[in-house]
Amino acid sequence: MNTANKKTALVLGGGAARGIAHIGVLKVFKRHKIPFDIVVGTSIGSLMGAIYALGLSLKNVEDIALKTTWRDLSDFVLSKTGFLEGRNLERIIEGLLEEKGFPDLRKELAIVATDIENGEEVIIKSGNLSRAIRASCSIPGIFIPVRIDGRLLVDGGLRSTVPSDAAKVMGADFIVAVDVGYCVRKGRISNIFQVLFQSIQIIGSELNKHETKPADIVIEVPLGENIDQMAFDKAAEIIAVGEKAAEDAIPKLLDTMKKRGII
């Protein structure tokens, strides 16, 4: 319980399949009853953040994650702005959210996306929740961008991989950020998909060095170089690594929160 009237924020970074680790992290926070008032997420972190802010069953989310494959997300289309239409992605999001939206939130939630037409970070706190998350998860060049309120939106990780600054803007006094990292491969690149994904890994790994600086506590999930952004088949391992990283961080987190007068 937050006894100091200070706003605490949980920030969940992007990382596609690596972001499944957030399930393990959230299980630990729920187990230890860590209080958060604000949740901010980018890319898959926006989806996991919404699930947490809605108070939905993490067991159900874990069960679905263990069965979801990259093929389930794929709906190839002929388009000038992407290879995948994104409707399959949105259907999966809607199912995970149990068709709930912003009015159903139990905690304040912000979804971070990027306006691909002007490069601006966009913080979404109202409207169609599933569509906002789909926009935040739309990897540029892979998924077709999503038009919301006149803005053409793509993956929030293009501008903010771990959106700690957005939590500050929302008035957070204490920030816990979860960084699942990026996986820069070393080896031969042979097709356009590999070029696009490798480019995102390189940019993301550099951004992450700065994105977590505003946070008071950073939980780095050590997924290593063998688990990339498409490793949905390794969901069980990814969740377990996330859970252990969060559990290892709990003593320091609780101690810091007590010293700050938050708990």
Side-chain angles (χ1 to χ4, degrees), residues 13-20 22 41-51 61 64-102 111-124 127-161 180 182-183 185 188-204 227-235 238:
R18 290 168 71 98
I20 296 172
H22 291 314
T42 195
S43 197
I44 191 171
S46 71
L47 173 58
M48 296 304 169
I51 288 164
V61 175
I64 293 173
L66 292 173
K67 294 183 286 189
T68 300
T69 66
W70 173 243
R71 183 173 293 181
D72 295 322
L73 300 173
S74 302
D75 45 8
F76 287 94
V77 65
L78 291 175
S79 170
K80 294 179 180 179
T81 57
F83 296 105
L84 302 180
E85 188 172 12
R87 294 193 182 277
N88 284 357
L89 172 61
E90 191 164 350
R91 276 194 287 269
I92 290 172
I93 292 168
E94 289 172 347
L96 286 166
L97 298 185
E98 300 176 12
E99 299 187 357
K100 296 183 184 297
F102 280 105
I111 306 298
V112 178
T114 304
D115 187 326
I116 194 64
E117 293 181 318
N118 61 21
E120 292 178 356
E121 178 181 277
V122 179
I123 299 175
I124 305 171
N128 185 315
L129 180 56
S130 295
R131 193 162 178 80
I133 294 170
R134 173 185 164 186
S136 184
C137 292
S138 292
I139 302 169
I142 302 296
F143 287 95
I144 293 175
V146 180
R147 182 75 68 177
I148 297 178
D149 295 333
R151 308 188 76 160
L152 194 62
L153 304 181
V154 297
D155 197 326
L158 194 62
R159 271 299 305 266
S160 188
T161 52
V180 300
Y182 282 79
C183 178
R185 293 282 191 179
R188 183 178 173 82
I189 297 291
S190 58
N191 61 61
I192 189 169
F193 286 103
Q194 291 176 343
V195 169
L196 286 168
F197 280 118
Q198 181 77 336
S199 299
I200 292 166
Q201 306 320 301
I202 294 169
I203 294 168
I227 297 178
D228 62 24
Q229 267 65 18
M230 296 297 104
F232 291 95
D233 59 319
K234 297 181 180 179
I238 293 170

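Computation of the quantities below employed the complete heavy-atom set of this structure, encompassing side-chain atoms and omitting hydrogens, waters and symmetry-equivalent molecules. All figures in this text were calculated on a predicted structure; none of them were measured in a lab.
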> What pairs of residues pass the side chain to side chain donor-acceptor pair (under 3.5 Å) test when at least one of them lies in residues 132-144, not counting sequence neighbours?
Glu90-Arg134
> Taking all atoms of both residues into account, what is the closest heavy-atom pair of Asn128 and Phe102, and its distance?
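For Asn128 versus Phe102, the nearest heavy atoms are C-CE1, 4.3 Å.
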> Flag the pair Met48 / Val61 as yes when at least one side-chain heavy-atom distance between them is below 4.5 Å, and no otherwise.
yes
> Determine whether Thr42 and Thr114 satisfy the following criterion, side chain to side chain contact (heavy atoms under 4.5 Å, CB included), listing intermediate values before the conclusion.
CA-CA 10 Å; Thr42 195; Thr114 304; over 6 Å; no
> In terms of ring plane angle, is the pair Phe232 and Trp70 parallel, tilted or perpendicular, where the classes change at 30° and 60°?
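Geometry flag for Trp70 against Phe232: parallel rings.
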> With side chains defined as the heavy atoms from C-beta onward, is the minimum distance between Thr161 and Ile203 less than 4.5 Å?
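In short, these two side chains do not touch, never coming nearer than 4.5 Å.
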> From Ile92 CD1 over to Ser130 OG, what is the distance, rounded to the nearest 0.5 angstrom?
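Taking CD1 in Ile92 and OG in Ser130, the distance rounds to 12.0 Å.
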> Show the nearest heavy-atom pair for residues Asp75 and Arg87, with the distance to one decimal.
OD2-N, 3.0 Å
> Between Leu153 and Ile124, is the side chain to side chain contact (heavy atoms under 4.5 Å, CB included) condition met? List the steps.
CA-CA 11 Å; Leu153 304 181; Ile124 305 171; 3.8 Å; yes
> Quick one: does Leu84's side chain get under 4.5 Å of Phe76's, heavy atoms only?
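A side-chain contact under 4.5 Å exists here.
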> How long is the gap from CG on Leu96 to CG on Leu47, to the nearest 0.5 Å?
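Going from the CG atom of Leu96 to the CG atom of Leu47 covers 5.5 Å.
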> Any side-chain heavy-atom pair from Ile51 and Leu97 closer than 4.5 angstrom?
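Yes. Closest side-chain heavy atoms under 4.5 Å.
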> Could you check whether any side-chain heavy atom of Ile238 comes within less than 4.5 Å of a side-chain heavy atom of Val180, counting everything from C-beta outward?
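No, side chains not in contact.
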> Measuring from Leu73:CG to Ile93:CD1, what's the distance to the nearest 0.5 Å?
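One gets 9.0 Å once the value is rounded to the nearest 0.5 Å.
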> Measure the spacing between SG of Cys183 and CG of Asp228 and express it to the nearest 0.5 Å.
5.5 Å
> By the side chain to side chain donor-acceptor pair (under 3.5 Å) test, which pairs, at least two apart or in different chains, include something from residues 139-157?
Ser43-Asp155, Asp115-Arg151, Glu117-Arg147, Glu120-Arg151
> Taking His22 for the side chain and Gly13 for the main chain, is one N or O donor matched with an acceptor at less than 3.5 Å?
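Answer holds: yes.
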> Under the 3.5 angstrom rule, does the side chain of Thr68 hit a backbone N or O of Ile64 as a donor-acceptor pair?
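Indeed, once roles are kept as given, a pair shorter than 3.5 Å links the two residues.
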> Let me confirm one number: the CD1-CD1 distance from Ile139 to Ile44, rounded to the nearest 0.5 Å.
10.0 Å
> How long is the span from the CG atom in Leu129 to the CZ atom in Arg131, to the nearest 0.5 Å?
13.0 Å
> Could you tell me if the side chain of Asp72 sits less than 4.5 Å from the side chain of Asn88, heavy atoms only?
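Asn88 does not reach Asp72 side chain to side chain.
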> Please report the C-alpha distance between Tyr182 and Ile200 in whole Å, then the side-chain angles of each, then the deciding distance to 0.1 Å, and finally whether the side chain to side chain contact (heavy atoms under 4.5 Å, CB included) criterion is met.
CA-CA 9 Å; Tyr182 282 79; Ile200 292 166; 4.3 Å; yes
> Which atom names give the shortest non-hydrogen contact between Ala132 and Ile111, and what distance separates them?
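Scanning both residues completely, I find the closest heavy atoms to be O-CG2, 3.7 Å.
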> Does CD1 belonging to Ile202 count more than 12 external heavy atoms closer than 6.0 Å?
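Enclosed: over 12 neighbouring heavy atoms sit under 6.0 Å from CD1 of Ile202.
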> Closest heavy-atom contact between Arg18 and Ile227?
NH1-O, 2.5 Å
